[in-house]
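Worksheet for the structure shown next.
The analysis underlying the following values was restricted to heavy atoms, covering all of them including side chains, and did not include hydrogens, waters or symmetry mates. A, B, ... follow the sequence lines: proteins, then strands. Residue 1 opens every chain.
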Amino acid sequence: MIEFFNTLTGKKEVFKPIKENNVSIYVCGMTVQNRPHLGHMRAYVMADLIRRVFEYNGYTVKMIQNFTDIDDKIIERSREFDMDYRVFGERYIKEYIESSLKMNILEPYYYPRATQHIDEIINLVETLIEKGYAYVIDGDVYYKTAKFKDYGKLSGKKIEDLISGARIEINPKKHDPLDFALWKKAKEGEPYWYSPWGKGRPGWHIECSAMSMKYLGETFDIHAGGTDLIFPHHENEIAQSEAATGKPFANYWIHNEMLRIKGEKMSKSLSNFLAVSDILKKVSPNALRLYYYRTHFRSPLEYDDGSLKEASSSFERMKRFVMENQSGADIDGDLFDELIKNLNNNFNSPKTLGIMFSAIKDANNGIRDKQITANTLRKALEILGFVLEGEKKEEISDKVIDTVVGIRDKMRAEKLFEYADFVRDELKKLNIEILDSKDGTKWRIK
RNA sequence: GGCGGCAUAGCCAAACGGUAAGGCGGCGGUCUGCAAAACCGCUAUUUAUCGGUUCGACUCCGGUUGCCGCCUCCA
C-alpha cells in the first residue's frame, strides 16, 4: 500500500491505480530558458524517488517528462545571445540530461518536447474552440476561464478572489483578465507554425495537456511538479484538458516545495540560482541526493554551502559502514520492511534515513548483526537510487600504493618517523589517506 | 489586498492523540609513535507565543507574532 499527499484533495490518500499494477506519471519538466539549477533537480530527484518506490512495490511505471522548448522568454533570451531558439534550448536540454544521468535518475519512458507536438496542440485548441471553451481574436486564441465550472479546484482559488487581485495584467484583447492564451500570434521575426488561426506558437500551458494526454491517455494517475506550478500552470492544464475531454485529467497531484537560498526561492528569474552541473563538480551525486532526501519534499529546503558538506560526510559514513561490513545476501527482513513502510508512507525519505543511521549505531553496539545490517542497508540504498561502487581504482595503481605503504611500514618499524611522516604527507597531496591502526596500515582515496 | 503553507536543540530534521528518531557540528573517551579515520558516551524536563478540547497534545481548535509560496515567467 502506497499513500501520499494529493494536492487535489488536500489530503493524504491511499493510491489506487487506473490499471492494476501500473502507474502513469507525468512530470512537469523544464522550460529551457536557462541552466538547470539545484531547485529543478530537487523536483526531479523527488520524481525519481517516487518512481523507484512504485517500481519496488511491483508497479510498472510509465513516466513522461517534458521539455517546454518554446515560450516568450526562450525567444527573448535566444535573441540576446543571437542564437536560433532551437540551438539555444538544446544546450540546456543537454545540460539537464547529463546532470540527470550523473545523479542516477532513471530515464523517463520519453522526453517529449513542445515543438514536436504542434499538431496535437492545434487539435486540442480546435476542440476547445468547437466546444465553446476558447475564442479567437486577431490570430490569438484564449481559453474562456469563466466557462469551466471547476476552475480553481486544484489551487483552492476562487474566481472572484482572482479578479479582485491587483496583479493581473490587463490585456485588452481578452474577454476576461483570467483568460489565458492557448495560441499566440507570431510577431515579426518570431518563430512560428502554421495554424487555422494564422502563423503563431502555442501558449504556455497547452503543451503539457497535449503531451500528457498523447502518451498517458486522457486520464492518468499522477501529475508531479513544483508548488510554484500549481497556479496558474496546473490549474490551467486541468481546465483545458477536462473541458476538451469531459473526463478527469490526473487523479493525483504531487507537488514538491521550493528550494530557497537566503530566504528566497531559487529561481531563474531571481538569478540567484546555482547550476546543478557546477555543484556536481564539488560534491558527489550521492551526497546531493542525500542532501535532498534529508528534508521531506513537501517542506521548503533552505540552501547553504555547509549543508552539502554535511550531507557528504553523512553519506560517506553510511557508505563506509556498508562497504566494510557487507557480505553474503542475508538481510534483516524486519528492518527492511520498516524502511519500505516509511517510503510507502508519503515517500518519507528523512525518516527512512533516520532509521538507517539508527541501525548502524545498533550494529556497532552489537545489538544488531553488522553483516546483515550492512546487506539490508545496501539493498535500501539501491532502491533509493544511490550508487555504491567504490571509486574506480586501477589495479596497478592500487598495487603501487600498497607498495609505498609497505615501505612506510618498514620505516615505522625502524622508528624512522620523520621519513614515514614525509611519505604520508606526500601521499596526502595525491588525496591518498593513510590510516594506521593496530591491525595494520590501511589507505584510501579521499 | 486574496488564497495556501511553515515555526522542534548550535545548525539540518523526524514525529500524523500515547509521553521528543536521526544527521552534521561540539565536548569527553578508545585506538595511534604523533595525527587522521573509525568506534563509544554526552549534547531539547521540552516543540515560536497565549488560551482551549482531552485521562493524555509537537500532533486537534482559536488568538498573537515571525517567515515563506502562489495570485506575473518559474521545479
Side-chain angles (χ1 to χ4, degrees), chain A residues 7 10 12 27-31 33-34 36-47 65 68 71-74 76 152 155-158 160-169 178 204 224-233 235 255-260 263-270 273 290-291 293-302 304 306-307 309-318 320-321 324 342 345-346 348-361 364-366 412 415 417 420-421 424-425 428 433-439 441-444 446:
Chain A
T7 312
K12 195 162 83 175
V27 181
C28 250
M30 288 182 63
T31 303
Q33 42 184 237
N34 214 324
H37 61 63
L38 243 28
H40 295 124
M41 198 44 88
R42 184 182 192 196
Y44 304 125
V45 167
M46 167 198 78
Q65 180 175 327
T68 294
D71 89 320
D72 292 359
K73 204 168 255 178
I74 292 170
E76 186 188 312
S155 57
K157 292 181 189 298
K158 296 189 184 87
E160 311 87 75
D161 295 339
L162 287 166
I163 290 168
S164 64
R167 300 174 69 187
I168 294 170
E169 112 191 53
L178 290 179
W204 176 34
T227 54
D228 55 350
L229 297 179
I230 294 173
F231 191 91
H233 187 57
E235 195 70 71
H255 291 98
N256 63 285
E257 253 298 343
M258 296 294 100
L259 178 75
R260 296 184 200 160
E264 271 185 321
K265 180 170 87 163
M266 180 175 287
S267 106
K268 289 180 282 204
S269 52
L270 294 170
F273 67 84
L290 187 124
Y291 169 74
Y293 282 174
R294 292 196 317 162
T295 304
H296 189 92
F297 70 85
R298 298 228 326 131
S299 300
L301 205 186
E302 174 75 33
D304 69 272
S307 54
K309 288 190 194 116
E310 250 183 48
S312 202
S313 313
S314 191
F315 179 75
E316 284 305 311
R317 192 173 145 228
M318 173 93 73
R320 218 168 283 144
F321 175 83
E324 286 172 10
N342 280 287
N345 180 7
N346 211 11
N348 195 336
S349 57
K351 183 155 188 195
T352 304
L353 290 174
I355 295 166
M356 291 167 81
F357 280 106
S358 292
I360 291 178
K361 184 177 271 188
N364 282 324
N365 275 326
R412 294 171 67 226
K415 308 261 185 215
F417 296 123
D421 288 352
R424 183 173 65 193
D425 291 345
K428 193 165 187 182
E433 268 192 317
I434 296 294
L435 311 163
D436 290 332
S437 75
K438 66 179 169 190
D439 303 326
T441 303
K442 292 178 192 162
W443 61 268
R444 68 160 179 245
K446 220 182 166 180

[X] [atom1] - [N] [atom2] separation (whole Å):
{"X": "A:K12", "N": "B:rU59", "atom1": "NZ", "atom2": "C1'", "value": "13 Å"}
{"X": "A:I230", "N": "B:rC71", "atom1": "CD1", "atom2": "P", "value": "11 Å"}
{"X": "A:E433", "N": "B:rA35", "atom1": "CD", "atom2": "P", "value": "16 Å"}
{"X": "A:F417", "N": "B:rC34", "atom1": "CZ", "atom2": "P", "value": "9 Å"}
{"X": "A:K442", "N": "B:rU32", "atom1": "NZ", "atom2": "P", "value": "14 Å"}
{"X": "A:M266", "N": "B:rC70", "atom1": "CE", "atom2": "C1'", "value": "19 Å"}
{"X": "A:F297", "N": "B:rG5", "atom1": "CZ", "atom2": "P", "value": "16 Å"}

Practice problem: On RNA chain B, check which nucleotide each of A:R320 and A:G156 is closest to and give me the residue with the more 5' one. | Solution: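 Its nearest nucleotide lies further toward 5', so the answer is A:G156.
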Quiz prompt | A:L259 or A:T227, whichever maps to the more 5' nucleotide of RNA chain B | solution =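 Its nearest nucleotide being more 5', the pick is A:T227.
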Practice problem: Please evaluate the base of B:rA35 for a donor-acceptor partner in the side chain of A:R424 within a cut-off of under 3.5 Å? | Solution: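 Such a pair exists between side chain and base.
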Would you tabulate the nitrogen or oxygen pairs shorter than 3.5 Å linking the protein to nucleotides 66-68 of chain B?
unit_1: B:rC68; atom_1: O2'; unit_2: A:R260; atom_2: NE; d: 3.2
unit_1: B:rC68; atom_1: O2'; unit_2: A:R260; atom_2: NH2; d: 3.0

Contact class for [X] vs. all strands (heavy atom < 4.0 Å): base, sugar-phosphate, or nothing?
{"X": "A:M41", "value": "nothing"}
{"X": "A:Q33", "value": "sugar-phosphate"}
{"X": "A:F321", "value": "nothing"}
{"X": "A:N364", "value": "sugar-phosphate"}
{"X": "A:N348", "value": "sugar-phosphate"}
{"X": "A:H296", "value": "sugar-phosphate"}

Exercise. Sort by first number and list every stem of RNA chain B: at least 3 consecutive Watson-Crick or G-U wobble pairs, both distances under 3.5 Å.
Key: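 Looking at RNA chain B, the stems formed by three or more consecutive pairs are B:1-7 with B:65-71, B:10-12 with B:22-24, B:25-30 with B:38-43, B:48-52 with B:60-64.
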Quiz item: Checking side chain to side chain donor-acceptor pair (under 3.5 Å) for the pair A:E235/A:S155: CA distance, chi angles, key distance, verdict?
Solution: CA-CA 7 Å; A:E235 195 70 71; A:S155 57; 2.6 Å; yes
Quiz item: With side chains defined as the heavy atoms from C-beta onward, is the minimum distance between A:L353 and A:Y293 less than 4.5 Å?
Solution: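 They are in contact (side-chain heavy atoms under 4.5 Å apart), so the answer is yes.
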Self-check item: A:H255-A:T227 side chain donor-acceptor pair, cut-off 3.5 Å
Solution: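 The criterion, which ignores hydrogens and geometry beyond distance, is not satisfied for A:T227 and A:H255.
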Practice problem: Using the C1' atom on both, measure B:rG23 against B:rA13 and round to a whole Å. | Solution: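 Result for the C1' pair: 8 Å, nearest Å.
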Practice problem: Could you work out the separation of B:rU49 and B:rU45 based on their P atoms and round it to a whole Å? | Solution: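 Looking at atom P only, B:rU49 and B:rU45 are 13 Å apart.
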Among [options], which nucleotide has an atom closest to any side-chain atom of [X]?
{"X": "A:K157", "options": "B:rC3, B:rA14, B:rG33", "value": "B:rC3"}
{"X": "A:P232", "options": "B:rG69, B:rA14, B:rC71", "value": "B:rC71"}
{"X": "A:M258", "options": "B:rG69, B:rA14, B:rA37", "value": "B:rG69"}
{"X": "A:N365", "options": "B:rG41, B:rA15, B:rA36", "value": "B:rG41"}

At a cut-off of 3.5 Å, list every protein nitrogen or oxygen paired with a nitrogen or oxygen from nucleotides 22-24 of chain B, distance to 0.1 Å.
unit_1: B:rG23; atom_1: OP1; unit_2: A:R317; atom_2: NH1; d: 3.4
unit_1: B:rG23; atom_1: O2'; unit_2: A:S314; atom_2: OG; d: 2.8
unit_1: B:rG23; atom_1: N2; unit_2: A:E310; atom_2: OE1; d: 3.1
unit_1: B:rC24; atom_1: OP2; unit_2: A:R317; atom_2: NH1; d: 3.2

